[in-house]
Amino acid sequence: LVPIENSEVAYSTFVENGSENVHFESLSANLGGHGDVAVYCLLGAYEIGEDIKMFNIRGDVNADETINILDIVMIVNSILGSNSESSYKIWASDVNTDLEVNILDIVTIVNIIMNS
């Protein structure tokens, strides 16, 4: 069991340290114990997630929700090894899902752009 005070202290500490996107919901004591309110917490977290979620597609390497020449440039840089890549950028660059980032991914992106 986790005392409510732990949640209150955690929330206050986040806010005092500059966090702006922190949520604290105090549930009514008549809902029961820790396990009894879990479903309410999960539903609340789901609602927050629905508000802030973003879907990413392969080819959108810079995660700007558009596939264009900028994504191609980032893939070229990745192929040339000019910078270290995050796991997201590697995933997004592998447009043809063959587990390799190469010229075939660039060709696939060009086809996506041309057919848009």
Side-chain angles (χ1 to χ4, degrees):
L1 296 177
V2 178
I4 181 104
E5 293 81 16
N6 287 11
S7 298
E8 293 168 341
V9 168
Y11 175 78
S12 297
T13 302
F14 280 122
V15 172
E16 289 167 8
N17 286 306
S19 297
E20 297 176 7
N21 196 10
V22 180
H23 302 277
F24 178 79
E25 190 73 36
S26 178
L27 298 173
S28 172
N30 63 4
L31 292 175
H34 189 78
D36 298 320
V37 297
V39 69
Y40 298 102
C41 295
L42 291 172
L43 290 171
Y46 173 80
E47 290 296 322
I48 292 169
E50 286 295 299
D51 290 341
I52 63 173
K53 74 180 175 185
M54 182 177 100
F55 291 101
N56 297 320
I57 57 174
R58 287 184 190 266
D60 184 15
V61 182
N62 61 359
D64 66 354
E65 299 181 16
T66 304
I67 297 176
N68 57 28
I69 190 69
L70 297 175
D71 299 299
I72 294 172
V73 169
M74 292 183 79
I75 292 176
V76 168
N77 286 336
S78 176
I79 292 169
L80 296 176
S82 59
N83 51 11
S84 61
E85 303 298 332
S86 68
S87 58
Y88 170 77
K89 287 184 180 176
I90 293 168
W91 174 85
S93 296
D94 184 17
V95 184
N96 64 358
T97 65
D98 66 354
L99 302 178
E100 292 184 42
V101 177
N102 55 33
I103 189 67
L104 297 175
D105 297 299
I106 294 171
V107 170
T108 305
I109 285 190
V110 169
N111 285 330
I112 290 170
I113 294 170
M114 297 298 288
N115 292 319
S116 297

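The first residue in the sequence is number 1, and the count goes up from there.
In this structure a side-chain-to-backbone donor-acceptor pair under 3.5 Å is missing from S19 to V15. For D71 (side chain) and V61 (main-chain N/O), a donor-acceptor pair under 3.5 Å exists by modelled atom type. Side-chain N or O atoms of N17 include one that pairs as donor or acceptor with a backbone N or O of T13 at under 3.5 Å. Judged by distance alone, the side chain of S86 and the main-chain N or O of K89 form a donor-acceptor pair under 3.5 Å. A donor-acceptor pair is defined here as one N or O able to donate and one able to accept, closer than 3.5 Å; such a pair exists between the side chain of R58 and the backbone of W91.
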N/O donor to acceptor pairs below 3.5 angstrom from side-chain atoms of residues 109-116, sequence neighbours left out:
| from | atom 1 | to | atom 2 | distance (Å) |
| --- | --- | --- | --- | --- |
| N111 | ND2 | V107 | O | 3.4 |
| N115 | ND2 | N111 | O | 2.9 |
| S116 | OG | I112 | O | 2.7 |

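Note on I79 and Y88: separate hydrophobic clusters, where clusters join Ile, Leu, Val, Met, Phe, Trp and Tyr whose side-chain heavy atoms are under 4.5 Å apart, directly or indirectly. L104 and L99 sit in two unconnected hydrophobic clusters of ILVMFWY residues. Membership requires side-chain heavy atoms under 4.5 Å apart, directly or through other members. A continuous path of Ile, Leu, Val, Met, Phe, Trp and Tyr side chains, each step under 4.5 Å between heavy atoms, connects L80 with I103, placing both in one hydrophobic cluster.
Taken to the nearest 0.5 Å, the CG atom of L70 stands 11.5 Å off from the CD1 atom of I75. Expressed to the nearest 0.5 Å, how far CD of E16 lies from OH of Y11 amounts to 10.5 Å. Between atom NE2 of residue H23 and atom CD1 of residue I48 there is a gap of 4.0 Å, rounded to the nearest 0.5 Å. Here the straight-line distance linking atom CD of E100 with atom CG of D94 works out to 8.0 Å at 0.5 Å rounding. Between I72 atom CD1 and I69 atom CD1 the span is 4.0 Å, to the nearest 0.5 Å.
No side-chain heavy atom of S93 sits less than 4.5 Å from a side-chain heavy atom of D105.
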Could you go through the side chain to side chain contact (heavy atoms under 4.5 Å, CB included) check for N102 and D98 one step at a time?
-> CA-CA 10 Å; N102 55 33; D98 66 354; 4.0 Å; yes
Report the C-alpha separation of V9 and N6 in whole Å, then their side-chain angles, then the decisive distance to 0.1 Å, and conclude whether the side chain to side chain contact (heavy atoms under 4.5 Å, CB included) test is met.
-> CA-CA 5 Å; V9 168; N6 287 11; 6.0 Å; no
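Applying the salt bridge (Lys or Arg N to Asp or Glu O under 4.0 Å) test to E50 and every residue at least two apart in sequence or in another chain returns K53.
The shortest non-hydrogen separation linking D64 to T66 is OD1-O, 2.8 Å.
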